[in-house]
Number of protein chains: 2
Amino acid sequence: MAITIKDVAQKAGVSVATVSRVVNQKDIHKVGLKTQQRIEKILKELGYYPNTMARGLKTRKTYNIGVVFFWYEKPSLSDYYLTRVLDGIISFISEKKYNILMNTFSRNIQNEGVYANFVNSGLVDGVLAIAPPVESRFFQDLKQGSLPYVLINYQVNDPNVCFVDCLNTQGIIDVVDHLLSLGHKRIGFIAGDIQYSKNSLDRFNAFKYILKKRGMAFHDDNVYFGNWTEQAGTKAVEAFWKTKHPPTAIIASNDIMALGAIKQLRKQGLRVPQDVAVCGFDDISSDMTLTTVHQPAFDMGHEAAKMLWSQIEKRPLDYTHRFFPTKLVVRESCGYYLKNSQDQKTKS
Amino acid sequence: MAITIKDVAQKAGVSVATVSRVVNQKDIHKVGLKTQQRIEKILKELGYYPNTMARGLKTRKTYNIGVVFFWYEKPSLSDYYLTRVLDGIISFISEKKYNILMNTFSRNIQNEGVYANFVNSGLVDGVLAIAPPVESRFFQDLKQGSLPYVLINYQVNDPNVCFVDCLNTQGIIDVVDHLLSLGHKRIGFIAGDIQYSKNSLDRFNAFKYILKKRGMAFHDDNVYFGNWTEQAGTKAVEAFWKTKHPPTAIIASNDIMALGAIKQLRKQGLRVPQDVAVCGFDDISSDMTLTTVHQPAFDMGHEAAKMLWSQIEKRPLDYTHRFFPTKLVVRESCGYYLKNSQDQKTKS
DNA sequence: GCAACTTATTATATAGTGAAATTAAACCTC
DNA sequence: GAGGTTTAATTTCACTATATAATAAGTTGC
């Protein structure tokens with residue numbers, strides 16, 4: 001059995017209240033100096049560590065923050081900008097002496113009650129939700145609960161709800177404009193899943209918007225709806241090249257799908273970027289040749305954590321929303337100027 | 001204020017014990033069917049969720065497992081095989097309905113008391129430690145505590161201590177033999193920090209061992225002791241090329257340092273692999289051209305989690321140690337045959 | 001046939017669980 | 001004895017476990 005505050009009190013010949021004061025250095029002026037020192041000595045001798053459960057029960061404070069992310073086929077951090085978001089969160093939160101309680105839910109299966117339990121069980125002081133599914137039960141439970149929370153990569157119209165996001169629309173505009181400036185007339189788009197992902201929807205809408213604004217036609221058969229995986233990228237290329245007019249450039253809603261697309265293009269004997277230009281989104285930096293839209297994931301995680309912390313500790317909040325600019329990173333995968341779609345030349 | 005079991009009991013006109021039985025489905029035969037149904041209805045109506053703190057206090061069970069990793073300059077998941085280890089852990093643990101409580105400590109600073117607090121606070125049912133520092137205070141606290149724990153990437157002689165590791169020695173032997181077979185006579189070695197990392201030490205010792213066994217000379221000035229970072233890789237190359245006899249091949253103790261080395265080599269006008277062959281360790285797959293030793297990080301994480309879970313749930317444990325084989329992955333960064341160190345040709 | 005006694009079922013009351021807050025009390029000092 | 005300092009006792013937090021009580025139905029003895 002572990003040492004309790006009672007044991008310490010008994011050995012010191014004082015009450016538990018006195019020990020508690022010394023341990024927490026709270027109302028310490030109510031404890032005499034010599035008793036204080038005696039208790040401190042015994043604390044070390046016995047190796048006492050307060051029980052978090054008991055303390056949490058009384059104080060309603062756990063120093064845990066819940067971090068939730070969602071998966072498609074299986075939970076995974078690897079294939080994702082997710083890791084950098086987490087790094088940002090960790091860097092802020094660990095400095096503030098909080099723990100991170102990680103939890104992950106399926107994006108498709110709506111486990112009734114599981115979310116609510118997580119939110120209402122008193123295990124965490126607040127929640128950071130990374131790219132939660134649209135219209136999800138999870139989101140409802142979060143709203144109904146009394147816990148502070150911050151959404152990452154999700155925008156809400158409610159001015160009271162805290163979130164951080166990147167400027168998806170501008171990111172897509174940049175990459176489309178870049179491709180147009182290279183002379184591309186027909187751009188394929190690989191979307192993430194529109195149904196569950198807010199980011200995906202935003203990026204897709206931005207794509208349609210900017211095409212129209214630039215006076216370009218939008219072709220249904222040059223769009224593929226994937227699920228963020230590499231396989232989705234390969235499938236998209238297969239689909240595009242079954243149509244009469246395959247694109248000369250492809251924008252994928254994330255880097256993973258872009259890499260999948262490149263793989264499939266090469267398999268079909270097409271060169272990147274000579275035959276087809278490919279761009280991604282996220283900048284996961286696992287491939288140093290991919291043109292992509294950089295998302296400042298670390299900063300977003302850091303800022304979200306800060307927002308949550310401010311709420312938990314009841315500090316003044318400068319803003320409830322925060323948008324981060326993206327940055328177009330031009331690399332080799334679309335670095336060529338296109339005279340026309342038949343005859344392609346390299347730019348010196 | 002959140003709904004408590006008392007509220008439910010009051011509304012249902014029964015005692016709290018009865019409600020507890022229904023909530024946990026424990027000793028449920030002691031509750032009449034109609035009372036059961038009535039309570040279940042009220043449970044939903046009021047939206048009751050048990051308080052984890054109160055429950056944990058009584059039952060001594062939290063359904064949290066602590067995952068600890070260590071950093072050098074700042075906490076980070078990105079630059080590492082760490083992410084895959086975590087994926088393995090998550091994949092097992094989330095299926096078992098446990099939460100992951102992540103905590104990270106500095107490798108250099110020994111924060112007295114902090115580890116012990118983490119181990120003894122009753123917040124977690126067990127601990128997974130990823131590559132803990134050698135001879136660390138953390139390790140002592142873990143041993144002294146009564147929590148079950150499993151070490152990842154750390155071997156201990158004690159048959160009662162659970163750990164998983166990869167076969168570092170064989171990995172290094174494979175890569176050395178590969179380089180020797182390509183004709184290299186002078187191999188540089190970039191070690192991780194020997195002082196704090198068990199893996200690093202094992203790999204370095206393996207390197208010395210196999211050189212001797214193959215009848216090759218070991219040169220002190222062809223060894224550099226880094227700290228796993230990219231910068232360490234660049235520094236190593238700088239150091240090697242200041243000596244009289246720079247190596248024709250370099251083995252780095254992890255991929256990050258190998259990539260740093262390649263960067264610096266190119267900066268100095270040397271070609272990889274034509275002029276210098278470079279190999280890494282881990283297979284972080286952020287660069288598809290690097291020859292490296294693959295470490296089955298996912299499986300290791302998965303297995304470690306399973307071991308821990310078995311201990312926590314008092315299931316029979318098949319073994320306390322588990323070693324995973326590595327696999328040499330030959331890619332471009334060392335793909336050439338060397339006739340002699342002056343005159344190099346490519347193999348067709 | 002009725003009280004008394006079983007036996008099984010169902011519900012309640014009570015005692016922890018460790019720590020913190022609140023209230024009460026003891027102890028000085030002047 | 002007032003006033004301040006220091007310590008103690010008690011209650012609270014939400015929940016679970018254990019022991020005990022109540023209830024009901026059936027069985028037996030006389």
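Proteins come first, then strands; the chains are lettered A, B, ... in the order of their sequence lines, and each starts at number 1.
- Figure legend: R137(B) and F139(B) shown without cation-pi pairing, the cationic atom not lying both under 6.0 angstrom from the six-membered ring centre and within 45 degrees of its axis.
- Rounded to an integer number of Å, the gap from I5(B) CD1 to dC13(D) P is 15 Å.
- Separation of the Y98(B) and Y63(B) ring centroids falls under the 6.0 Å cut-off.
- When atom types are taken as modelled, the side chain of R322(B) and the backbone of D165(B) share no donor-acceptor pair closer than 3.5 angstrom.
- Look at CD1 on I3(A): it is 15 Å from P on dT17(C), rounded to the nearest Å.
- The number of heavy atoms from other shown groups lying within 6.0 Å of NZ (K198(A)) is above 12.
- Between R55(A) and the phosphate of dA20(C), there is a side-chain N or O to OP1/OP2 separation shorter than 4.0 Å.
- At dA14(D), none of the side-chain N or O atoms of T4(B) fall inside 4.0 Å of OP1 or OP2 (strictly under the cut-off).
- Centroid-to-centroid, the aromatic rings of F70(B) and Y196(B) stay 6.0 Å apart or farther.
- Checked by atom type and distance alone, the side chain of S310(A) pairs as donor or acceptor with a backbone atom of K306(A) at under 3.5 Å.
- Across the protein-nucleic acid pair, L57(B) atom CG and dC13(D) atom P stand 14 Å apart, rounded to whole Å.
- Between H29(B) and T52(A), the residue anchored nearer the 5' end of DNA chain C, judged by the nucleotide with its closest heavy atom, is H29(B).
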Could I get a table of every N or O pair under 3.5 Å where one atom is in the protein and the other is in nucleotides 7-9 of chain D?
unit_1, atom_1, unit_2, atom_2, d
dT7(D), OP1, T35(A), OG1, 2.7
dT7(D), OP2, G32(A), N, 2.7
dT7(D), OP2, T35(A), OG1, 3.0
dA8(D), OP1, G13(A), O, 3.2
dA8(D), OP2, S15(A), N, 2.7

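- To the nearest angstrom, C1' of dT23(C) lies 13 Å from CG of D27(A).
- Between F163(B) and F323(B), the angle of the ring planes goes over 60°, which puts this pair in the perpendicular group of the 30/60° scheme.
- Distance K26(B) NZ to dT16(D) P: 9 Å, rounded to the nearest Å.
- Atoms CE (M53(B)) and C1' (dT12(D)) sit 17 Å apart, rounded to a whole Å.
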Check the interface with nucleotides 20-25 of chain D: list each N/O to N/O pair with the protein under 3.5 Å, or write none.
none

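- Of the possible polar contacts, none joining the N24(A) side chain to the K26(A) backbone as a donor-acceptor pair under 3.5 Å is found.
- For N24(A) and dA19(C), the shortest distance from a side-chain N or O to OP1 or OP2 is not below 4.0 Å.
- Salt-bridge check for K96(A) with E313(A): failed, with every basic side-chain N at 4.0 Å or more from each acidic carboxylate O.
- Applying a 4.0 Å cut-off to non-hydrogen atoms, the residues of residues 42-51 of chain A that approach DNA chain C are Y48(A), Y49(A), P50(A), N51(A), listed by residue number.
- Atom NZ in K6(B) sits about 15 Å away from atom C1' in dT16(D), given to the nearest Å.
- Put simply, the side chain of N51(A) never gets that close to the backbone of G122(B): no donor and acceptor are under 3.5 Å apart.
- Classified by interplanar angle (parallel below 30°, tilted 30° to 60°, perpendicular above 60°), the ring pair F138(A)/Y115(A) is perpendicular.
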